[in-house]
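Data first, discussion second: the structure below is written as structure tokens.
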Amino acid sequence: MAQSIYLGLMSGTSFDGVDGVAVQFVPGQPLQVLAASARSFEPALREALFALQTPGHNEIEREAQIANQLAHDYALTTNELLQQAALKPSQVQALGVHGQTIRHQPTLGYTRQINNPARLAELTSIDVVADFRSRDIAAGGQGAPLVCAFHAVQFGAPDETRVICNIGGISNITILAAEETTGGFDCGPGNALLDYWANLHLGTPYDTNGCFALSGKVNENLLHTLLAGHYFALPPPKSTGRELFNSAWLNIRLEKFDTLPPQDVQATLTALTAHSIARAIAQFASRCQAIYVCGGGARNPALMQMLGAALSTAGLAHATLSTTDTLGVPAQQVEACAFAWLAMRCVTRAPGNLPSVTGAAGPRVLGALYPR
Ligand SMILES: Nc1ncnc2c1ncn2[C@@H]1O[C@H](COP(=O)(O)OP(=O)(O)O)[C@@H](O)[C@H]1O
Ligand SMILES: [Mg+2]
């Protein structure tokens, strides 16, 4: 592969907006970020995406309209990246765009990330690569997490057993041990339940800087009830989404705790994310020496503090905890970089999945190309 420039756009299960990067790949070197941009969704788009999470009236039409709106937002982010990096569309090999997950049902044989990639190619004059997850599912895999292969090439080290932990709406880990197969899976809810509860009680999209959680106390009985959830005990390969970890999942479990102050529930949900991650690392990567967090969860001090404590409780006091900024890629840019990398793999006809992670029958080239 010669030196090449790709763009990556990620909009995840938090429904907060789009994170984008322009990157340069030089053979044999770590990727270099040329530009980065983050764009929040308008409240109306967020609401429309939430509404599409569950079956409802006229959803095919609504999906198509929202996909067009997303393509418009993705094009604006793309233009910002081109301007920042002083690039012309013709200098970009391809744009990898994840799309917005509205269903993830690998056991039923499908996942759906909405977007209108044809429109995006038309709006940007750049080759667009989309629909990265379907091929892995067609090969019997979970279609997720897909970031692990990128984590392995970007963050793997011969002298340290590392875990990369991405805390988006859902949390996932990648286990990188020298001379061992890369492992990884979705641990459970990342920010999704925290955002739901903060929105319900504060009216804000998330618990800014974890202040609401820090004003409350973790309720051990509730934490125990939440951690007893069936998903946490499943063996990998496994992946999850808002189909499972949503307000209904939480509200059933809160029924016996209806006198708890809302800030204590927020603290306990934050502890749930922390403990589910710490337990997953303790069970599958007990020799891990360093944990590097990425995704929006890295910006929640209450969550980072509780994760540190949960790691100690789980017997991982020896492992250091920091963010991927330490490894040269800012926490907020890692997933977008992964989709630029996956686009590069598609264009060069190289596999993008790790069967050891997703459970697919073998390595597969991921994504569908929409030429400019
Ligand atoms: N300052 C902050 N304080 C607390 N939480 C934050 C902060 N900034 C971002 N977050 C959290 O990060 C989430 C977005 O993370 P992101 O990695 O984009 O997730 P996704 O990939 O699911 O879109 C927000 O919904 C919020 O929960
Ligand atoms: Mg996001």
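Computation of the quantities below employed the complete heavy-atom set of this structure, encompassing side-chain atoms and omitting hydrogens, waters and symmetry-equivalent molecules. Both counts, for ligands and for their atoms, begin at 1 and track the order of listing.
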Side-chain hydrophobic cluster, 4.5 Å single linkage: members besides Leu108: Tyr110
Basic-acidic side-chain contact under 4.0 Å: Arg103, Glu63: no
Exercise: do Ser11 and Tyr74 side chains pair donor with acceptor under 3.5 Å: yes
Under-2.8 Å neighbours of the Mg ion (ligand 2), protein N/O/S atoms only: 1
Pairs under 3.5 Å, N/O atoms on ligand 1 and on the protein: can you put them in a table with the distances?
{"from": "ligand 1", "atom 1": "1 (N)", "to": "Asn209", "atom 2": "OD1", "distance (Å)": "3.1"}
{"from": "ligand 1", "atom 1": "3 (N)", "to": "Asn209", "atom 2": "N", "distance (Å)": "2.8"}
{"from": "ligand 1", "atom 1": "3 (N)", "to": "Arg299", "atom 2": "O", "distance (Å)": "3.3"}
{"from": "ligand 1", "atom 1": "10 (N)", "to": "Gly296", "atom 2": "O", "distance (Å)": "3.4"}
{"from": "ligand 1", "atom 1": "15 (O)", "to": "Gly296", "atom 2": "N", "distance (Å)": "3.3"}
{"from": "ligand 1", "atom 1": "17 (O)", "to": "Gly296", "atom 2": "N", "distance (Å)": "2.7"}
{"from": "ligand 1", "atom 1": "18 (O)", "to": "Asp16", "atom 2": "OD1", "distance (Å)": "3.4"}
{"from": "ligand 1", "atom 1": "18 (O)", "to": "Asp16", "atom 2": "OD2", "distance (Å)": "3.1"}
{"from": "ligand 1", "atom 1": "19 (O)", "to": "Ser14", "atom 2": "OG", "distance (Å)": "3.0"}
{"from": "ligand 1", "atom 1": "21 (O)", "to": "Glu335", "atom 2": "OE1", "distance (Å)": "3.2"}
{"from": "ligand 1", "atom 1": "22 (O)", "to": "Thr13", "atom 2": "N", "distance (Å)": "3.1"}
{"from": "ligand 1", "atom 1": "22 (O)", "to": "Ser14", "atom 2": "N", "distance (Å)": "2.8"}
{"from": "ligand 1", "atom 1": "22 (O)", "to": "Ser14", "atom 2": "OG", "distance (Å)": "2.8"}
{"from": "ligand 1", "atom 1": "22 (O)", "to": "Gly169", "atom 2": "N", "distance (Å)": "2.8"}
{"from": "ligand 1", "atom 1": "23 (O)", "to": "Gly12", "atom 2": "N", "distance (Å)": "3.3"}
{"from": "ligand 1", "atom 1": "23 (O)", "to": "Asp16", "atom 2": "OD1", "distance (Å)": "2.9"}
{"from": "ligand 1", "atom 1": "25 (O)", "to": "Asp195", "atom 2": "OD2", "distance (Å)": "2.6"}
{"from": "ligand 1", "atom 1": "27 (O)", "to": "Asp195", "atom 2": "OD1", "distance (Å)": "2.6"}
{"from": "ligand 1", "atom 1": "27 (O)", "to": "Asp195", "atom 2": "OD2", "distance (Å)": "3.3"}

Gln69 and Asp73 side chains, donor-acceptor separation under 3.5 Å: yes
Nearest-0.5 Å distance, CD of residue Gln105 to CG of residue Leu244: 10.0 Å
Salt bridge (Lys or Arg N to Asp or Glu O under 4.0 Å) pairs, two or more places apart, involving residues 302-323: none
Ring-ring centroid check Phe232 Phe245, cutoff 6.0 Å: yes
Shortest non-hydrogen contact from Gly188 toward Ile170: O-CG2, 3.2 Å
Least distance between heavy atoms, Thr174 atom then Cys148 atom: OG1-SG, 3.2 Å
